[in-house]
Amino acid sequence: MSVSEAEIQLGQSRALEELKALRSSIDNIDAALVHMLAERFKCTQKVGVLKATNDLPAADPAREKIQIERLRQLASDAQLDPDFAEKFLNFIVREVIRHHEAIAAETGN
Ligand SMILES: C=C(O[C@@H]1C=C(C(=O)O)C=C[C@H]1O)C(=O)O
């Protein structure tokens, strides 16, 4: 028995409803990510000032190593690809270090 045009349309309209609900959740998650990143950068900005005014280096590879190990484990436990989690952290940390170098340059260090 073939699937009628009406059944196809019903299936599609249900799929579109589900897509809409999923996209609404994705939009909420994206908003949360932006707010969390904004808070993280507020903290790292303060760390940058602290480092620049106390002659400390912008980057701390030992700290990063610990963070990567921790994040990889958290990702693995949460069924998220640990390689992706590491790349994501490195992407953020690179930007933070760039900010720290800029703060140090402004401060004259
Ligand atoms: C924020 C810091 O500075 C840098 C940025 C880090 C980060 O974004 O988590 C971690 C280590 C540092 O290379 C820090 O030293 O804690």
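Just so you know, ligand 1 is whichever comes first in the structure, and atom 1 is the first atom listed for that ligand.
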>> Strictly below 4.0 Å, N to O, side chains only: are Glu39 and Lys42 in salt-bridge contact?
In response: yes

>> Taking 4.0 angstrom as the limit and counting only heavy atoms of His100, give me the atoms of ligand 1 inside it, by number and element.
In response: 1 (C), 2 (C), 3 (O)

> Which is closest to atom 9 (O) of ligand 1 by heavy-atom distance: Arg40, Arg63, Glu64?
Replying inline: Arg40

> Which heavy-atom pair separates Ala58 from Lys51 by the least distance, and what is that distance?
Replying inline: O-NZ, 2.8 Å

> Roughly how far, to the nearest 0.5 Å, is the CD1 atom of Ile97 from the CD1 atom of Ile92?
Replying inline: 12.0 Å

> Which heavy atom in Leu71 sits nearest to a heavy atom in Leu89, and how many Å separate them?
Replying inline: CD2-CB, 3.8 Å

>> Closer than 4.0 angstrom, basic N to acidic O: yes or no for Glu17 and Arg14?
In response: no

> Could an N or O of ligand 1 be found under 3.5 Å from any N or O of Thr44, whether backbone or side chain?
Replying inline: no

>> Just to confirm my output: which protein heavy-atom neighbour is closest to atom 10 (C) of ligand 1, and how far is it?
In response: Gln67 OE1, 3.3 Å

> Hey, which atoms in ligand 1 end up nearer than 4.0 Å to a heavy atom of Val96?
Replying inline: 5 (C), 8 (O)

> Of the protein's non-hydrogen atoms, which lies at the shortest distance from atom 3 (O) of ligand 1, and what is that distance?
Replying inline: Lys51 NZ, 2.8 Å

>> Starting from atom 12 (C) of ligand 1, what is the nearest protein heavy atom, named by residue and atom, and what distance separates them?
In response: Asp60 N, 3.5 Å

> Looking at Ile97, which atoms of ligand 1 are within less than 4.0 Å of one of its heavy atoms?
Replying inline: 13 (O)

> How many angstroms lie between atom CD of Glu64 and atom CZ of Arg94, to the nearest 0.5 angstrom?
Replying inline: 10.5 Å

